Amino acid sequence: MQSKSETSDASRIIILDEHTANRIAAGEVVERPVSVVKELVENSLDAGATQITVSIEQGGKELIKVTDNGCGMTREDAILSLQRHATSKIRSASDLKAIRTLGFRGEALPSIASISILEMITKHESQPAGTRLEVEAGSITNLESVGAPQGTTIIVRKLFFNTPARLKFLKSAQTEFSHIAEYVGWFALAWPTVSFRLLHGGREVLSSPATGQRLNSIVEVLGKDIAKQLVEVHYELPGVRVEGFVSCPSLTRINRRDQIFFVNGRPIRNKIIAHALDYAYRGLLPSGRYPVAVLFLEVPPELVDVNVHPAKSEVKFSNEQEVHSAVYRSVNMALTTGAAIPTISEHAEPLGKPAPISSEQADITSKLFVPWPDAATQQHIQPMNLSAFQEALRRRREQALSEISDVGEDSWQKGSGVPVEESPVPEADFIAPRTVALTGVRVIGQARNMYVLAECDDGLLVIDQHVAHERILYDQLLRFDAESRSAIQRLLTPITISLSASESTVVRQRLDMLNQAGFDLEEFGRDTFILRGAPPQLKPSQAEAILRDIIAELVELSVERHLIVRSDQVLITTACKMAIKAGEKLDDREMKQLVEDLLKCENPFVCPHGRPIIVSLSNWELDRKFKRT
Amino acid sequence: MDAKKITPLVAQYKAIKEQYPDVILMFRLGDFYEMFGDDAVTASRELEIVLTSRSQGYAADVPMCGVPYHAVDKYVAKLISRGYRVAICDQLEDPKKAKKIVKRGVTRVVTPGTVLEDGMLDAKSNNYLVAVTSEPELYGLAVVDISTGEFAVTEISQKNGSRELLDEISRLAPAEVLLRELDWDLEAPIRANTTAVVTKYECDSFYRKPAKDFLLEHFHTESLRGFGAEQMTAALEAAAMVIDYLRQTNQNALASISSMSTYSTSGFMILDSAARRHLELTQSLSGTTKGASLLSVIDQTKTAMGARLLRKWLDQPLLDVEAINRRLDAVEELYTNVLSRKDVRDQLGGVQDLERLMSRIVAETATPRDLVAFAQSLKKVPSIARSLEGSRSERLHTLREALDYLESIVELIERAIVNDPPAAVRDGGIIAQGYNSELDELRRASIDGKSWVAALETRERERTGIKNLKVSYNTVFGYYIEVTKPNLHLVPDEYIRKQTTTNAERFITPALKEIEAKILHADELAAELEYQLFCEVRSKVAEEARKVGKIARALAEIDVLSSLAEVAALRGYCRPVVNESEEIRIKNGRHPVVEAYLQERFVPNDTYVNCDSDQLLIITGPNMAGKSTYLRQVALITLLAQIGSFVPADEATIGVVDRIFTRVGAHDELASGQSTFMVEMNETANILNNATRRSLIVLDEIGRGTSTYDGLSIAWAVAEEINKISARTLFATHYHHLNELEKELRGVKNYRVTVREEKDRIVWLRKIVPGGTDKSYGIEVARLAGIPQSTIERAREILKELESDRTSRGLVDGRTKIKVREETLQLTLFSLDKHPVIEELENLDITTMSPIEALNKLYELQKKLSKDGLPGR
Ligand SMILES: Nc1ncnc2c1ncn2[C@@H]1O[C@H](COP(=O)(O)OP(=O)(O)OP(=O)(O)O)[C@@H](O)[C@H]1O
Ligand SMILES: [Mg+2]
């Protein structure tokens with residue numbers, strides 16, 4: 001980080017000459033609120049700030065406020081900073097070659113000011129009083145002195161108020177905010193010597209105090225559960241230095257969203273780095289799983305081309321080869337020697353089964369080579385109670401996944417040299433009705449007693465038998481009517497079921513729904529119920545066991561949420577408990593029936609819990625993989 | 001009243017009420033607690049419940065009101081919070097079994113200092129009962145919180161009269177204070193200093209032995225040496241009063257008082273009640289408890305125990321540099337080690353109030369839910385210990401060591417009690433399957449009975465040929481057989497008809513009822529057994545009270561330390577250097593509370609003050625500039641440092657301070673019958689009498705409440721006196737003349753808060769710089785505050801006049817006349833007052849003037865006249 005004296009020297013602002021201004025591809029600096037945040041925070045960092053607070057209202061549509069304790073500006077500088085192509089950072093085109101500071105175009109502030117109502121409060125060390133400036137659509141409406149501590153606060157209100165087209169393009173406040181949260185998180189990761197605070201609607205979403213330790217920032221940004229399972233990497237080659245953290249193979253993700261790369265402090269995307277990382281994990285991860293990585297590269301500025309996109313997210317290296325091998329070697333070394341396990345991971349337990357630990361070495365090996373948890377365990381690795389920040393990031397990810405057309409995953413694969421078999425983002429493969437039509441479906445067989453394999457006119461289908469059945473049952477329960485009532489099977493002898501106090505409370509509250517689900521259940525003395533009939537889908541001998549399962553789960557739900565279980569929860573739980581389990585062998589007739597029933601469902605793709613039911617491989621994809629197209 | 005007309009019930013009531021004349025008696029009658037007579041009038045008013053009157057065997061109507069028994073806690077709490085005491089009179093036998101009138105008696109007296117029910121307590125502060133006794137030269141004080149089992153005694157000197165006692169009581173902020181008849185003169189001052197209810201202690205000499213013996217008996221010990229209190233006769237008397245009072249009011253609570261500690265007020269920084277209030281430590285001056293206090297800003301504790309301990313720390317900053325640094329080391333370690341801090345805090349989040357749970361367990365009022373919460377909290381202990389593994393700081397290490405895992409207790413509770421038990425203790429459903437075979441058998445009997453009933457349906461269908469015969473249950477008749485109308489002709493003779501509905505009739509049979517009775521009996525026995533088993537488990541757990549207490553204290557401290565670390569990280573505080581020096585040196589200090597609530601950014605300021613070269617800082621500056629804020633900021637930073645917290649500054653060195661004195665703003669204490677000025681002078685006297693070289697004094701304007709000259713003179717003299725004491729002092733004042741002290745006294749330094757005048761407006765720059773000021777901008781502030789423009793303009797005119805007066809006459813003084821408004825315009829030139837030249841002439845002392853001087857003076861006066869233009873010239 002720069003010291004204040006250096007930067008305050010650089011803070012003399014000079015208007016760039018035409019030539020220089022034009023050399024910089026202006027593009028559209030401000031695309032959405034996050035662009036504003038990014039520009040303002042970069043300015044703060046360039047001013048040598050050690051504390052930066054970002055306050056957001058309405059996802060940044062109402063207000064974006066960035067406060068820093070950097071060197072601040074004198075009154076003339078403040079006025080100058082609002083003029084186009086004024087920058088304190090580059091003086092001529094030749095300076096562009098060695099861009100070290102983060103913001104460099106000198107056009108961010110004027111651009112932002114031209115499309116918003118902007119207020120600036122700034123105070124430079126050399127002056128006793130601060131300056132307050134108000135700007136509306138680019139013109140200064142107020143200028144006065146204020147008492148203020150050293151540093152700058154910029155408040156951007158009503159972004160895009162005079163550009164309705166842009167305004168219309170903005171997503172929901174939550175979505176816009178999740179972009180901001182992600183970006184501020186990146187800043188926090190890259191600048192452990194700077195305190196970052198992010199607030200949304202007055203609520204603190206991220207606080208990353210300046211501790212100077214990268215791992216601490218990772219704790220704040222990615223959460224402590226992830227941080228505990230990281231190993232440190234460190235490596236240097238001429239022209240490139242790599243530092244950061246990558247996950248033990250026990251911690252994986254289904255996509256690359258938790259791979260965050262920085263070049264010279266700037267968050268970037270780069271296929272070379274991603275590939276080198278994959279390469280280092282070759283053979284350590286199951287297909288379709290990706291490591292978590294936070295990597296910081298230092299590369300001489302003249303070897304990095306950052307000016308490819310106004311969002312500065314994609315970079316090109318002149319020394320690709322070195323970058324690749326530095327990343328590969330650093331990660332490989334960390335994974336194989338385990339030399340750099342961070343001290344605080346002492347009490348980290350791999351989230352899978354805890355392995356016995358005899359010595360430190362054993363500890364390391366156990367961490368590195370515990371068998372990867374299966375998909376079911378992976379679910380638990382997602383921290384269950386997400387912080388607001390993580391919640392925002394989660395949204396961001398989900399949203400990113402829905403924008404499949406984004407900078408395609410293709411680019412990760414191209415130029416990698418090695419064919420990447422597994423499709424990187426399995427969720428994107430949830431069959432969408434538009435891609436594969438479910439016509440001419442024919443069962444082929446059962447795999448691992450879990451999946452029903454089938455083909456259809458457009459390709460291959462893999463159907464999860466449990467969730468498929470769950471969907472079928474759920475739909476039936478929802479359509480409960482007189483006909484279904486007559487279908488209820490009477491038990492030969494009614495069964496009395498005695499329950500605990502809490503169980504009977506829940507059952508009493510939800511007796512109606514259980515009845516609808518086909519259980520003819522009635523109160524029968526204190527904490528006791530009588531079961532006279534069971535849903536037709538069940539063997540009578542199973543009825544009691546399954547009902548008890550359902551009740552246990554309902555109690556769990558009500559305890560967890562502290563409220564009465566929602567009625568659809570009762571039905572979902574019932575459907576789930578009654579459904580065929582994974583691991584049950586099905587005969588041809590059963591499979592056929594299952595698929596037939598499934599196709600009748602309104603939504604055969606997603607189960608009531610929201611999990612996918614069908615995964616497809618289209619004929620086109622198949623042929624392409626075999627190089628037939 | 002005619003005795004003949006009194007029913008036995010009324011007689012019983014009167015007999016009991018006689019023993020409790022000055023408390024509200026709640027008398028259990030059926031499902032209600034009833035109050036009669038004056039009690040009823042009071043209660044109906046305070047509780048907003050309807051007052052009725054019924055002739056309960058009295059000749060005249062007696063007012064009465066009642067509350068349902070299940071909601072009684074809520075009503076009692078309300079009465080207690082209004083300062084009343086309540087006696088609960090319960091039925092001592094089962095009304096069904098009573099032969100004649102149900103036996104009744106007072107089971108407990110609820111007073112503000114003896115409540116134990118969760119709903120009546122504030123989780124985040126202690127609920128203290130204090131007893132005070134006096135001896136020649138000494139006060140004895142005992143303090144107990146029965147909800148946590150804390151019990152301590154101390155003795156306090158009378159060398160400053162009752163002041164030190166009152167300071168200590170106000171620190172404790174008790175809910176109730178006990179006084180003997182002979183100490184009743186303390187009642188008024190205690191009431192003035194606290195919100196406590198003061199209760200007269202009445203010694204029941206039948207029970208009450210001399211203090212020492214009485215205590216020996218209570219603690220079941222041979223001597224009091226173990227408590228270190230043997231010689232403290234005054235304190236022991238107070239302790240005995242507390243124990244005896246608890247015996248009288250809440251017998252159950254006595255069990256949780258298992259030990260007694262002694263303490264001395266001398267190990268801590270002294271903060272008198274004025275300082276506590278002025279610095280807004282736990283309460284903002286504007287009155288509301290929470291508001292913006294220092295506590296509200298720095299309290300990030302996760303448990304109620306931690307919250308209470310933090311409040312205690314805040315009230316008792318340390319003096320011992322080593323002890324302070326031990327805390328600071330621990331905070332620093334948790335500050336730097338983010339992962340273990342987060343881990344610890346996450347785990348603490350699942351820890352309930354072990355202290356209060358334990359007290360209820362010991363007092364036998366804990367519910368099954370309490371026990372489950374208790375076990376779940378204890379279960380967190382090992383993982384908290386694990387998160388602190390490898391801690392380097394001494395304090396954390398010690399605390400970690402104290403974290404025993406009481407596995408057997410947890411195991412017992414988990415084995416005995418179901419996961420999610422009901423709150424009630426007598427209705428069963430508490431004890432887990434498999435814990436007790438007898439219980440399991442009873443339950444089986446009940447289940448078997450029910451299965452028999454269930455099977456009856458099939459049997460009876462076959463026997464009677466009624467296809468849709470059904471056996472059902474409802475709470476009114478229990479089990480019955482239902483037959484629809486068309487089948488009624490098939491009903492056998494032994495069926496007994498019970499009810500007819502639209503489509504069916506309901507029957508019972510003797511056999512069915514017999515089984516039902518068995519079921520009910522088994523259920524009843526089971527519930528009784530469950531209660532018994534539950535009580536056993538509870539007493540088993542109660543045996544561990546001491547160990548649990550130790551763990552709870554360690555958890556509380558870990559919570560406080562990690563909370564301080566969290567705040568430091570969150571708010572950007574730094575670790576202060578705390579030492580024995582005589583300096584306070586702060587770089588870029590901030591006011592922790594103002595900073596937290598301010599919309600704009602807080603302007604940080606430096607401070608340097610010591611006991612000689614920079615001892616007395618005179619701080620001047622316009623209204624609203626930030627003088628008061630700055631003063632308190634220095635005091636708060638010092639205080640935070642001495643509780644072992646990081647401080648809102650970039651750097652700070654604090655030479656420990658034995659006492660913080662404050663004299664802040666003018667404020668009336670009409671309640672104590674003192675005027676603004678009197679309060680001010682009292683506080684000032686206190687400072688001059690008690691400050692030492694080690695003290696920190698914060699004077700925010702002295703002498704404001706009197707005439708300018710008096711005020712200035714007092715301020716000046718006080719400053720001189722404080723300079724002699726050499727205590728580090730910050731003195732904010734509007735008397736700019738005090739700036740002259742800098743030249744006269746060593747150690748006095750002038751500072752001012754900067755402002756800038758801009759057009760018709762002033763800009764507060766909030767920066768403290770060396771040097772004096774001479775302008776107050778009071779009118780500008782008045783304008784900001786919304787005083788009408790015309791008034792403001794008038795004030796400006798007057799100010800101008802006064803200022804021009806000042807140039808010729810020196811100080812603004814009482815003789816200056818302000819001219820009547822209407823005349824202003826004309827009269828400025830033709831003043832009705834004596835012309836200054838004439839006045840000056842009058843004042844000339846010609847006898848001491850040399851001729852040349854006289855000549856010069858004459859010339860000067862003449863010039864003045866020609867400039868002003870005297871009328872008639
Ligand atoms: N350092 C500071 N930075 C920012 N705001 C401040 C600062 N100090 C004070 N203020 C603001 O100014 C307000 C007035 O401050 P304060 O009451 O300390 O003034 P004062 O000089 O004591 O005024 P008076 O002479 O009227 O008593 C505070 O409530 C606070 O909002
Ligand atoms: Mg003031």
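In what follows, every chain begins at residue 1, and chains take the letters A, B, ... in the order their sequences are listed. Every value quoted in this text rests on a predicted model; they were computed, and no experiment measured them.
Contact annotation for A/Glu144: both backbone and side-chain heavy atoms come within less than 4.5 Å of a heavy atom of chain B. For a residue to count as touching a neighbouring chain, one of its non-hydrogen atoms must lie under 4.5 Å from one of that chain's; by this rule B/Arg601 touches chain A with backbone and side chain alike. A/Ser195 does not touch chain B: none of its heavy atoms, backbone or side chain, sits under 4.5 Å away. Contact annotation for B/Ser451: both backbone and side-chain heavy atoms come within less than 4.5 Å of a heavy atom of chain A. Only the side chain of A/Thr153 comes within contact range of chain B, with at least one heavy atom under 4.5 Å from a heavy atom of that chain.
Scanning both residues, B/Arg341 and A/Glu220, for their nearest heavy atoms gives NH2-OE2, 4.3 Å. Summarising the geometry of B/Ile447 relative to A/Ser498, their closest heavy-atom pair is CD1-OG, 3.2 Å, with the distance given to 0.1 Å.
Put simply, OG1 on A/Thr493 and CG on B/Leu456 are 13.0 Å apart, with the number rounded to the nearest 0.5 Å. Atom CG of B/Asp343 sits about 4.0 Å away from atom NZ of A/Lys224, to the nearest 0.5 Å. We find the NZ-NZ distance between B/Lys342 and A/Lys228 to be 12.5 Å, quoted to the nearest 0.5 Å.
Residues A/Arg132 and B/Glu600 are not paired through a salt bridge, judged by the lack of any N-O separation under 4.0 Å between the basic side chain and the carboxylate.
A donor-acceptor contact closer than 3.5 angstrom is absent between the side chains of A/Thr496 and B/Lys450.
For chain A, the option among B/Val471, B/Asp523, B/Thr458, B/Ile519 with the highest count of heavy-atom pairs below 4.5 Å is B/Val471.
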